[in-house]
Amino acid sequence: MQFIYAGMVCFMLGLWLGLQPAAAFASWPLLSGAAAAALALGVRLTDGWRRGLCVCLSLLLLGWGNGCRVELSAAQQLEQLWGRQAVAYGKLEPLSLRQDTGYQSFILQCEQLRLGAELRPYRGRLRVGVRQKEILPECGRLTLAGQLEPLTGFRNPGAFDSEQYHRVNGLGGRLKNAKLLAAQEEAGWRDKLELLNLRLCRRLERGAGGEAGAVLGGMLLGGSGRLDDETREVFIANGLAHLLSVSGTHLVLLASLLSALLKPLPLKWRRLLLVLLLCAYAALCGGRPPVLRALLMSTVVLFGGAGAERGRLLCLTAMSLLLFKPVWLADIGFQLSFGAAAGLVWLLPACRRCLPAWLPTVISEGAAVTLAAQLGVLPFIVGYFHQLSVISLVSNIVLVPLLELAALLGLAGCALPLGDYLLAAAGFLVRQALTQGAWLSCLPGSVLTVGALPLWCAVIYYGLLAVWADWPCLQFLRNWERRCLMTGCVLLLSGALLWQQYGPRPLAAYFLDVGQGDCVVVVTPSRKVAVYDTGGLSGIDTGAKIVAPFLRSLGFSAIDLLIVSHYDFDHAGGAAGLLRQMPVKEIVLPQERLTEASAAIRQKIIAAAGAGKISLARQGRSWQFEDSLLRLAVPAEQVVGNEASTLAELFSPYGSLLLTGDMGEEREQNLALGCYTVLKAGHHGSKYSSSAEFLQQVQPLVTVISCGRGNRYGHPHAETMERLRAAGSRVLRTDAMGCIKIEFAEELRCWAYDGKAFRRLQNNNL
């Protein structure tokens, strides 16, 4: 058995343990010393198994100690300073500069903070926004004054883990209401590389065309921040998201091109120059984990590494990078890059064997490579996106050669003085690939929604792959034992999938954390889905980025009913994005007198609705879901704004729910309602909603307030909170608790999402 592979698993496990907050008690020097002692003992032993166990123990302790040496995150270092005025000194990161309407945003690599008379060192990064009139250098040192605030994410199942992203990338917070005090033009070698990267990206966009140039920029130079959401969705749906960052594929292409150009040189000098050029390219691309992995792998292969050595090389490369920066273990780019590389190293022979012999070599080899890489990263894709691209095999065979040819033309176009024609040809190929990708992604069944699966499914899956690929460490198994193991693994995974899709679940209402907005998702025991409002924020498409991923995490790929209470952007702004992501059978729009702004939102919703049935809300309209009834209440006449909110009542044998949109006191006085178990407070807890008379009428046991953390309106207002307490209602808030889940069963159960999992709230006063 090759203990380097088992040792790599032990190192990863130890590193994961070391990165957990609960492991802070451990001392990394002590663990490193214990690792050295275990390794020394292993060297002295002669028995192979005992030596291997000592090596594995040593690597486990080494990984644990390596994780424990990680300092506090950039955000944790600022926790005691939130809300304080500060002066920040640091360097502008050229690639982060964005021009938005009325202001400029960028990232400041901070060096020091001045708090009053105190000057303290701080090496984290800060997000900054300044007014458009401020003149910023392309790169240099800046002095900025503003208020330190945390970077707030959205705590919902299936959502992007912004807290982990900020930790990996050293983002500590943001400087609110920033003012530029001083700017000094200064460019170190790293800044010059970033400026060169930026100029090359702009050249690609000019030569290849806006969106096609942005795709080429992401493929060749790293980063996909300039892409629009629709292009990104095409790549994800086709299983091609890995192409949007510099990876081993592009480095191999570049190495091949450079080898052809350097062929006249002697072999030794050609290899050395090739490695130096690849290192310069990796630095130009920002030194991201996939680039560094591909660079290290390519370097050793160029100097003779091949065959079985590649597996050991991959393990050593991963350990080297993680020793350098342990938090990369939590980086999705690192995970997908090494997962795909591991698939190519250990699964490619088995994939070649399983393909028909009559296939042409070009198609067979392309399919085998694609299949091996996809199998290697399948648990990560399901874990992050909760869906699988069924057409990814076809897309990789058909579209990848087209995109890689475009990448080669883009490289040549950037390098040659008269490369505009090459860039135009590259842009044409990218546009063709996007058109074909959009068509493929629209085919029925092209994407399969899986939902969130437990961690043990990934362990069983990789065990199944090991047995199927006949890894050397498992060759002691007899054929019938191998078949039994594979059958057992398949049955367990199938059972988990079936339970996730068809297992019993109670009637539940989810109040999503969409910032300063409203979104409620009702899921019935028969898996019917009703969505009430979709939230809406100026900087993020809540429908596409929050609501759709949440529904996929539950295993849903379609919505039965979408109700828009009224056309305020914080309630309806995400509807069009959600409709582009998921089919909706029926859409109910409000009876609201339209303004110019609300008419524009309505038009976007109708344009994105597709085949969904659209109707207007009317008084008493209802839908029957098993033993539950959903019924609407609308204003007596068409009005504008908050008072036009369509109310929704949900009745079940175990409780009732009232959803009020932004309804205020004026309309509350004209309603004749009964009692409800749960109330969604009107207008985010404004003092002009949820009057004492209204609360006396509905008498909710639980009231949910949906609002954004630190919102500028001061929601929920103290007067509203006092009225709710006086009414004896328990208050749950999305700004403080994240996504709130309420289950209607024999006992009303309330849950709050802390960013990792739902935790049960005690029913103290229910």
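Values below: all heavy atoms of this structure, side chains included; hydrogens, waters and symmetry mates excluded.
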Donor-acceptor pair, side chain of [X] and main chain of [Y], under 3.5 angstrom:
| X | Y | answer |
| --- | --- | --- |
| Q374 | S389 | no |
| D513 | R155 | yes |
| Y165 | F160 | no |
| S364 | P360 | no |
| Q500 | L554 | yes |
| N156 | A159 | no |
| S395 | L399 | no |
| S58 | C54 | no |
| Q581 | G543 | no |

Using every non-hydrogen atom in the two residues, find where [X] and [Y] come nearest and quote the distance to one decimal.
| X | Y | value |
| --- | --- | --- |
| V234 | A438 | CG1-N, 3.8 Å |
| N66 | R69 | OD1-NE, 2.6 Å |
| L336 | V377 | O-CG1, 3.4 Å |
| L375 | L465 | O-CD1, 3.7 Å |
| G383 | H386 | O-CE1, 3.4 Å |
| A368 | R352 | CB-CG, 3.8 Å |

If you count every heavy atom of other residues, nucleotides or ligands that lies below 6.0 Å from [X] atom [atom1], does the total exceed 12?
| X | atom1 | value |
| --- | --- | --- |
| E163 | CD | no |
| L498 | CG | yes |
| W456 | CH2 | yes |

From [atom1] ([X]) to [atom2] ([Y]), nearest 0.5 Å:
| X | Y | atom1 | atom2 | value |
| --- | --- | --- | --- | --- |
| D161 | H166 | CG | NE2 | 9.5 Å |
| C442 | I391 | SG | CD1 | 9.0 Å |
| S392 | N238 | OG | CG | 8.5 Å |
| L448 | L497 | CG | CG | 8.5 Å |
| L30 | C68 | CG | SG | 10.0 Å |
| L57 | C10 | CG | SG | 8.5 Å |

Can you confirm whether [X] sits close enough to [Y] that some side-chain heavy atom of one is under 4.5 Å from a side-chain heavy atom of the other?
| X | Y | result |
| --- | --- | --- |
| F338 | T317 | yes |
| W499 | P504 | yes |
| V447 | L388 | no |
| L429 | L403 | no |
| V168 | W328 | yes |
| R527 | F556 | yes |
| C457 | L493 | yes |
| V430 | L216 | yes |

Hey, mind stepping through Q436 and L402 against side chain to side chain contact (heavy atoms under 4.5 Å, CB included) and telling me if it holds?
-> CA-CA 11 Å; Q436 295 172 28; L402 203 61; 4.2 Å; yes

With a 6.0 Å cut-off on the ring centroids, do F380 and Y384 count as close? no

Task: Residues D331, K325: salt bridge by 4.0 Å N-O rule - done: no

field: Ion pair E743/K741, N-O distance below 4.0 Å
entry: yes

Practice item. Decide side chain to side chain contact (heavy atoms under 4.5 Å, CB included) for I236 and Q387; before the verdict, give the C-alpha distance in whole Å, the side-chain angles of both, and the deciding distance to 0.1 Å. Key: CA-CA 10 Å; I236 292 173; Q387 59 182 8; 4.2 Å; yes

Side chain to side chain contact (heavy atoms under 4.5 Å, CB included) filter on P157, not counting sequence neighbours, yields F550, S553, C739, Y753, F758

F235 meets the ring pair (Phe, Tyr, Trp, His ring centres under 6.0 Å) criterion, sequence neighbours left out, with none

Could you go through F11 and L60, starting from their C-alpha distance and side-chain angles, then the distance that decides it, and tell me whether this counts as side chain to side chain contact (heavy atoms under 4.5 Å, CB included)? CA-CA 5 Å; F11 177 82; L60 175 70; over 6 Å; no

_Applying side chain to side chain contact (heavy atoms under 4.5 Å, CB included) to L371 and C351, what does each step give before you reach the verdict?_
CA-CA 7 Å; L371 185 60; C351 291; 3.9 Å; yes

